[in-house]
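Report on the structure given below.
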Amino acid sequence: MAKRTINKVAVIGSGIMGSGIACHFANIGVEVLLLDIVPRELNEKEQAKGLTLEDKVVRNRIVNDALAKAIKSKPAPLYHKNFASRITTGNLEDDIAKVGQVDWIIEVVVERLDIKKQVFENLEKHRKPGTLITSNTSGIPIKFMSEGRSEDFQAHFCGTHFFNPARYLKLFEIIPGPKTNPEVLDFLNGYGEQFLGKTSVVAKDTPAFIGNRIGIFSIMSLFHMVKEMGLTIEEVDKLSGPVIGRPKSATFRTVDVVGLDTLVHVANGIAENCPDDERKSLFVLPDFINAMMENQWLGSKSGQGFYKKVKKEDGSSEILSLDLDSLEYRAKKRASFGTLELTKSIDKVIDRWPVLVGGKDKAGEFYRKTLAALFAYVSHRIPEITDQLYKIDDAMKAGFGWEHGPFQIWDAIGVDKGLEFIAAEGLEAAAWVQEMRDSGSESFYTVVDGATYCYDRDKKGQEKIPGQDAFIILDNIRKSKEVFKNSGVVVEDLGDGILNVEFQSKMNTIGGDVLAGLNKAVDLAEKDFDGLVVGNQAANFSVGANIGMIFMMAVEQEYDELNAAIKYFQDTVMRMRYSSIPTVVAPHGMTLGGGCELSLHADMVVAAAETYIGLVEFGVGVIPGGGGSKEMTLRAADTFHKNDVELNVLQEYFLTIGMAKVATSAYEAYDTFILQKGKDIVVVNKDRQLATAKAYARLMADRGYTKPIQRTDIKVLGKQALGMFLVGTDSMEAGRYISEHDKKIANKLAYVMAGGDLSEPQRVSEQYLLDLEREAFLSLCTERKTLERIEHMLKKGKPLRN
Ligand code: NAD
């Protein structure tokens, strides 16, 4: 196959999805041409300005307004606001010829076959032969869209279905048309994973493809079950949310966010176009949904749906819930179930399933019933929507944010048990499941030598899932490759001389056991290996130091112990920095406080694009005490140039900590000096992050890694910096931007970052700064207001401003 590269794409249609897709291509560095239609009428503003329909600003108004709106939306579609400059806008009349210069044209216009066909006809006139051309349709059969187009067009045409929001949802369905060249599919499959950071799933051209077919089934089957089981919407959301590894918005809140009309549109499409679906009656809307549609209670977009936010008399707001029987809104009711209490101590979601389905209360019944329906349904979708069962799991995880797919859950409770539940509901699983059991397969998946195998219905046996060699899956190797383990970490051998240390604590907080594990990992790596990665595949890299432990010591006034604990943290990050092997840290998701400080001390950071990293210690009333304050001082000093206004530079670094800035993507972390250009890198696909981190550790080792020499040449500015900071914090307090306690914390940080009250600028060592940092940290731990902040964070999970 000729090599294909994507340097430039054209996105046709700039609505919700088009703008989002354009932004995501910009995120990964691709040049984007975004086109939409020319308006037919002037708006009021344009009339007032005396513009005509011939003016460029008018002709590009639809696309420019849509893109501007998207860029402002939250969560942000761009990794960094500057990336918007990679997108050029235009309209389908004046600029359509430019599609002749792109490598890939993606159609994202309204969901109407006649319009899409017209758009393709126009595009074909300008498209260079060989250019990829795909549609983002969510439901129109691919085979209809390329009718009438040339052979070359049809060979390069297929569906590429992004999910909303395009940056955040990982599913990328690729749907072949009747004449799509297999090489095109292979290319897109690889490109989706490696460049766009997605989970690519090649689906068949069946209604709603894989993700929406199963996702909408699962919601519709719940809609039909909820009243019969006498459950409230709060109860269903409690049962179908984080406890089973699904998003916080669970079922009904998700529908409110997506919009009931969107859901109904897809459900109707399936009801109409899947006459042979054995559960087609479930896609017919129950009465309460019809009533809601009539009332236009569509969710967030219409101000009310299953939930409704109202203002109370005292000005505060309250969220009401819909009673599905009376269709009236009422105060929220608490939802609690004994069965859920039983799972509180079970950290891993997959281990909760056997307990949940064994529940004796309504919750247990709910799980048995919903799983029975889901299991039976997915079994019958093979081979209709895909030949491989793992694709259904992949689609549900990547497109709907489920931690585990239906077949993984089925494995967790046992294939036979799942079959029992199905029978108890009067349903039937597809015959191949029993065939699989009869052939001796105990489960849908197995792991052999760190690789995942999956039952293949056609081959009647377990087959290795392709494409996983680019990934390292810690769940698969944790046991077999374990080199060391304590209560805080597991150290695994990643092969090729590289070790990985993986946190095991709750929310990956960093306490004594984790620190001991990190030290041990460095020891082991120095002795018998060539490099060390600090990486994990939990939802978040680490929410920071174990502040519960700090709180206890502070309350008990065990200051010697506290001092020793902080010193241990500092010594550990310094050990990471000054070891004789390269260390690579791989942050992703929330990487806060101590997790961030650990990253700051690696030889290299390989960050996932979706990394929310920052020094948030002010929020709990302290300054970074694990080397973070020292490191920001050092980094500022390293950028001082002759004739620089050094104070201003230092102030920028000070504000990273002082404003507790958290980057909303890894790219933003370069602006806050947490990541360093030319040293640290970003990987778009989180699934590839560990393999990349390992490769870089290997490369650094091969290049000849020598233990760095400790720094003693850090320029600190002393009194002149301190003076500036103190004036600044005084005026911030006077202007009521910060509280008295904020000022106290800021002044402590100022003292550290000035290097103390030295009368002249001077060069100091890292240890000198670490000692200042630790002293400041400890003194803040004696403050009542700091303890209140820590306690609030522990109880409520958010910062207290006092
Ligand atoms: P949208 O309504 O937000 O945007 C549609 C765009 O099409 C608008 O910018 C509009 O100006 C443009 N348009 C209208 N008439 C046109 C014409 N005659 N020629 C060219 N362009 C025209 O819709 P959307 O939600 O962005 O959906 C776009 C496509 O993506 C649809 O096929 C939809 O099924 C699919 N999709 C949507 C979602 C979602 O959640 N919204 C998710 C996945 C796929």
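Numbers for residues simply follow the sequence, beginning at 1. Start at 1 and go down the list; that is how both ligands and their atoms are numbered.
- From the protein, the heavy atom lying nearest to atom 40 (O) of ligand 1 is Asn164 CB, 3.5 Å.
- Under a cut-off of 6.0 angstrom, the local environment of CG in Asp287 is sparse, with at most 12 non-hydrogen atoms contributed by other residues, nucleotides or ligands.
- Distance from atom 3 (O) of ligand 1 to its nearest protein heavy atom, with residue and atom name: Ile16 N, 2.9 Å.
- Ranking protein heavy atoms by distance to atom 34 (O) of ligand 1, first place goes to Ser138 OG, 2.6 Å.
- Of the heavy atoms in Phe162, only backbone atoms (N, CA, C, O) come closer than 4.0 Å to ligand 1.
- For Lys116, the closest heavy-atom approach to ligand 1 falls below 4.0 Å.
- Among all non-hydrogen protein atoms, the one lying nearest atom 38 (C) of ligand 1 is Met17 CG, 3.3 Å.
- Those atoms of ligand 1 with a heavy atom of Val119 less than 4.0 angstrom away are 19 (N), 20 (C).
- Of the candidates Ser14, Ala66, Gly15, Gly211, it is Gly15 that places a heavy atom closest to atom 4 (O) of ligand 1.
- Salt bridge Asp394/Lys391: absent, no basic N to carboxylate O contact under 4.0 Å.
- The protein non-hydrogen atom at the shortest distance from atom 2 (O) of ligand 1 is Val110 CG1, 4.2 Å.
- Of the candidates Asn136, Val266, Leu169, Ile140, it is Asn136 that places a heavy atom closest to atom 30 (O) of ligand 1.
- Closest of all the heavy-atom pairs between Ile142 and Gly177 is CG2-CA, 3.7 Å.
- Asp36 OD1, 4.0 Å is the protein heavy atom nearest to atom 13 (N) of ligand 1.
- For atom 23 (O) of ligand 1, no protein heavy-atom neighbour is present inside the 4.0 Å cut-off.
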Where do Ser19 and Ser14 land on the side-chain hydrogen bond (donor to acceptor under 3.5 Å, both in side chains) test, with the steps shown first?
-> CA-CA 5 Å; Ser19 287; Ser14 62; 4.8 Å; no

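- Proximity annotation for atom 29 (C) of ligand 1: of Thr137, Val109, Leu67, Val109 comes nearest, heavy atoms only.
- Aromatic ring orientation, Phe407 versus Trp410: parallel (interplanar angle below 30°, classes split at 30° and 60°).
- Under a cut-off of 6.0 angstrom, the local environment of NZ in Lys309 is sparse, with at most 12 non-hydrogen atoms contributed by other residues, nucleotides or ligands.
- Between Glu46 and Arg61, at least one side-chain nitrogen of the basic residue sits less than 4.0 Å from a carboxylate oxygen of the acidic one, meeting the salt-bridge criterion.
- For the pairing with Phe306, the side-chain contact (heavy atoms from CB on, under 4.5 Å) check across Arg253, Met292, Glu234 returns one residue only, Met292.
- Ranking protein heavy atoms by distance to atom 32 (O) of ligand 1, first place goes to Glu111 OE1, 2.5 Å.
- The neighbour count for Met220 CE, taken as heavy atoms of other residues, nucleotides or ligands under 6.0 Å away, is above 12.
- Residue His161 has at least one heavy-atom neighbour below 4.0 Å for each of these atoms of ligand 1: 43 (C), 44 (C).
- The 12-atom threshold is exceeded at NZ of Lys128, counting heavy atoms of other residues, nucleotides or ligands nearer than 6.0 Å.
- Heavy-atom distances between Glu107 and ligand 1 stay at or above 4.0 Å for every pair.
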